[in-house]
There are 2 protein chains.
Amino acid sequence: MIVDERRSRILQIAEELGFVSLQRLVSELGASESTVRRDLEFLDSSGHIQRTRGGASYLGDAQSDFDARRSLASREKQWIAKRTAELISEGETVLLDGGTTTLEVARHLTGKTIQVLTNSLPIASLLMNRPEIELIFIGGYVYPKTGVALGELSVDALRKIHAGRLIMSTGGITEEGLFNSNALLVETERQMIRAVDRVTLVADSSKFGQRALSHLCPLSDVDEIVTDDGVSSEWRQRMESAGLRMEIAGGSLVKIAK
Amino acid sequence: MIVDERRSRILQIAEELGFVSLQRLVSELGASESTVRRDLEFLDSSGHIQRTRGGASYLGDAQSDFDARRSLASREKQWIAKRTAELISEGETVLLDGGTTTLEVARHLTGKTIQVLTNSLPIASLLMNRPEIELIFIGGYVYPKTGVALGELSVDALRKIHAGRLIMSTGGITEEGLFNSNALLVETERQMIRAVDRVTLVADSSKFGQRALSHLCPLSDVDEIVTDDGVSSEWRQRMESAGLRMEIAGGSLVKIAK
DNA sequence: GCAAGTTCAATCATCATCATTCATAATCTT
DNA sequence: AAGATTATGAATGATGATGATTGAACTTGC
């Protein structure tokens, strides 16, 4: 086998598993232990993997995490995401907040000719190579783990832009409005709201009644909520009487291929 | 068989498979090993394919193989990247330009407690989950394929920040200064230069003598250049007499462009 | 703390791939 | 058609990659 091809396969396997033992690579690649060792040494010194005793671990996001995140996106989130994406028509300009649900929404946006603005690194990475989507990234301090840009730079950038619709996530919803756990995040999301004509909130039904550290905005700032059918009629009425349109995404969808 | 016909068949096969071994081409084309080698050399220097030991891989639009995770850079780029990373000390604030070489530099920055600012989506994705690196993204219009943020938003963001050092890439270097192919990119890079104390250019030796569409800046804006040892002593002297420090990284084999 | 078992880096002989050279064949010029 | 130019294929030595072996460094279990 060609050397580069073998090294690519090592990276592929490492990415998939997060960690590979040397022995596994030996048997999977059909190369000798020495050769695999040399490959690992090379990939380590080039910064792709981190050698450890007995094998090597992948640097950066292991795919297992990624897939976990995807499958952890519950059926409810998938439904919400799909329904939300259906609300968006060709040619629109959409501002996408960070979050797992909004990431699922982004997945469903591919194929539409639209303009997307976002402060989420995972969403941007996802849409980067899609020629039909014009992507604008809202920069700022990148919050670890979530990969969302926040802070003064983000707020400044948001002051200069405008979009037709905001797809926003939240930590919790009560009659007093929306909440989130992080003050920096709240500051950024407030500016997002000011930058758009229409605010669409995506929130699974567990978020209703939840409070969090920082108050984000009153209900009147939100135009519509897309949620799943686990929301109580009580909450539904409260929201509707506050003037919000409720979009319930249910199981009446096409079954997801196994 | 006609020369051009054989070469276009090589391209065809390479495009289809992404990678072809030399042996396969020999048996598929019925030409001798020497001839196929010569063809590969030609197609490599003309930029269609990338020769590797044992075969060649197709380049076509595979620039979108900007997949931060799995891409394997050439040895020259690796050397340059490693040496450049060594120039950066703990606690520094570094502004990283987009580009394949700077991406490799980013790979070698892991483990250092530093602050990184960048407008490159692949670099940001790579460094996102590294707790020791404080990451700030310079937002803007995301240029397809390369994943670099450009334009007015980027320039505005750059106006507000400051860093100790800029690691910059370029399309070409002559005595008149640096060049790049894209006007938007040039505009953004100019602002980058203004935002830092010290400019470090990373450029493999093939860039010397190359001009491109847009003039980026004079040589006096650059403080040091990290390149590979394929650079001629002539160019080296020209750069040094212009007051630039030349840092020559590693190895010996460099293809001479046709 | 010791012994058995792993894992590792270093070395070496072997093999594959590569750049170079040269003689010959094909193609282009005039 | 003769001479010049270029392409081809085989041969050669140089360089790089591979796999086996060895003793050192490390882990594990007691």
Side-chain angles (χ1 to χ4, degrees), chain A residues 1-14 17-59, chain B residues 1-14 17-59 72-79 82 204-206 228-230 232 249-258:
Chain A
M1 188 187 304
I2 308 299
V3 49
D4 280 356
E5 187 186 342
R6 192 182 53 241
R7 288 175 181 164
S8 281
R9 280 194 59 194
I10 289 177
L11 280 185
Q12 201 177 328
I13 293 169
L17 304 176
F19 177 89
V20 247
S21 73
L22 190 133
Q23 287 311 320
R24 165 150 197 182
L25 285 174
V26 167
S27 64
E28 197 128 342
L29 299 170
S32 76
E33 197 179 300
S34 299
T35 300
V36 176
R37 266 184 216 291
R38 273 185 282 254
D39 284 343
L40 292 185
E41 189 185 349
F42 172 85
L43 291 171
D44 176 74
S45 79
S46 71
H48 288 83
I49 62 172
Q50 169 81 50
R51 274 189 88 176
T52 62
R53 177 156 264 260
S57 53
Y58 188 74
L59 280 177
Chain B
M1 189 186 303
I2 307 297
V3 177
D4 287 337
E5 186 189 340
R6 192 182 52 241
R7 287 179 180 164
S8 69
R9 274 195 63 192
I10 289 178
L11 278 186
Q12 200 179 325
I13 294 170
L17 304 176
F19 184 93
V20 246
S21 73
L22 188 132
Q23 288 310 321
R24 165 150 196 182
L25 285 173
V26 166
S27 64
E28 196 127 345
L29 299 171
S32 76
E33 197 178 296
S34 298
T35 300
V36 176
R37 268 184 215 290
R38 273 185 280 255
D39 285 343
L40 292 185
E41 189 185 350
F42 174 84
L43 291 171
D44 176 76
S45 74
S46 69
H48 290 91
I49 62 172
Q50 168 77 50
R51 271 190 92 177
T52 65
R53 200 176 178 78
S57 51
Y58 187 71
L59 274 186
L72 295 170
S74 71
R75 247 183 312 182
E76 289 78 23
K77 284 190 178 168
Q78 299 258 9
W79 284 326
K82 198 159 190 171
D204 61 87
S205 57
S206 69
D228 60 80
D229 58 5
S232 68
S252 54
L253 288 176
V254 166
K255 190 82 5 77
I256 295 156
K258 212 170 193 177

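Hydrogens, waters and symmetry mates are skipped; everything else that's a heavy atom, side chains included, is used. Treat the numbers as computed from the prediction; the structure is a model and nothing was measured. Numbers restart at 1 for each chain; the letters A, B, ... are given by sequence-line order, proteins then strands.
- Under the salt bridge (Lys or Arg N to Asp or Glu O under 4.0 Å) criterion, Arg38(B) pairs with no residue at all, not counting sequence neighbours.
- Remark: Arg9(B) does not engage Glu5(B) in a salt bridge, criterion side-chain N to carboxylate O under 4.0 Å.
- Counting distance only, with no hydrogens placed and no angle test, the side-chain atoms of Arg38(A) and the base atoms of dG19(D) include a donor-acceptor pair under 3.5 Å.
- When every heavy atom of Gln50(A) is checked against every heavy atom of Asp44(A), the shortest pair comes out as CA-OD1, 3.5 Å.
- Distances shown here put a side-chain N or O of Arg6(B) below 4.0 Å from the OP1 or OP2 atom of dT8(D).
- When every heavy atom of Gly54(B) is checked against every heavy atom of Ile2(A), the shortest pair comes out as O-CD1, 3.5 Å.
- Separating the CD atom of Glu41(B) from the C1' atom of dT8(D) is a distance of 15 Å, rounded to the nearest angstrom.
- Protein atom CG of Leu29(B) is 11 Å distant from nucleotide atom P of dT8(D), rounded to whole Å.
- With rounding to whole Å, Phe42(B) atom CZ is found 14 Å from dT6(D) atom C1'.
- Within the nucleic acid shown, Ser21(A) has no heavy atom closer than 4.0 Å to any nucleic acid atom.
- The nearest whole Å value for the distance from the CG atom in Asp44(B) to the P atom in dT17(C) is 18 Å.
- Heavy-atom nearest nucleotides on DNA chain C were determined for Ile2(A) and for Arg51(A), and the one closer to the 5' end corresponds to Arg51(A).
- An angle of 50°, rounded to 10°, separates the two end axes of the helix from dG1(C)-dC30(D) to dT30(C)-dA1(D), each defined over five pairs.
- An OP1 or OP2 oxygen of dT8(D) is reached within less than 4.0 angstrom by no side-chain nitrogen or oxygen of Arg37(B).
- Looking at Val20(B) and Glu28(B), their side chains never come closer than 4.5 Å, going by heavy atoms from C-beta outward.
- Checked by distance alone, Ser34(A) brings a side-chain donor or acceptor within 3.5 Å of a matching partner on the base of dA20(D).
- Here the shortest heavy-atom pairing between Thr52(B) and Phe19(B) reads OG1-CE1, 3.3 Å.
- Annotation: side-chain hydrogen bond (donor to acceptor under 3.5 Å, both in side chains) contacts of Glu41(A) (sequence neighbours excluded): none.
- Here dT11(C) presents its P atom at 18 Å from CD of Glu33(A), a figure rounded to the nearest Å.
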Filtered N/O pairs between nucleotides 22-25 of chain D and protein, under 3.5 Å:
none

Might you work through the side chain to side chain contact (heavy atoms under 4.5 Å, CB included) test for Arg7(B) and His48(B), ending with a clear yes or no? CA-CA 11 Å; Arg7(B) 287 179 180 164; His48(B) 290 91; over 6 Å; no
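- Straight-line distance from the CG atom of Leu40(A) to the P atom of dC8(C): 9 Å, rounded to whole Å.
- Rounded to whole Å, atom C1' of dC28(C) lies 15 Å from atom CG of Asp4(B).
- Remark: Thr35(A) is in phosphate contact with dG19(D), judged by side-chain N or O atoms under 4.0 Å from OP1 or OP2.
- Residues forming a side-chain hydrogen bond (donor to acceptor under 3.5 Å, both in side chains) with Ser57(B) (at least two apart in sequence, or on another chain): none.
- With sequence neighbours left out, the salt bridge (Lys or Arg N to Asp or Glu O under 4.0 Å) criterion links Asp204(B) to Lys207(B).
- Between Asp39(A) atom CG and dT18(D) atom C1' the separation is 10 Å, expressed in whole Å.
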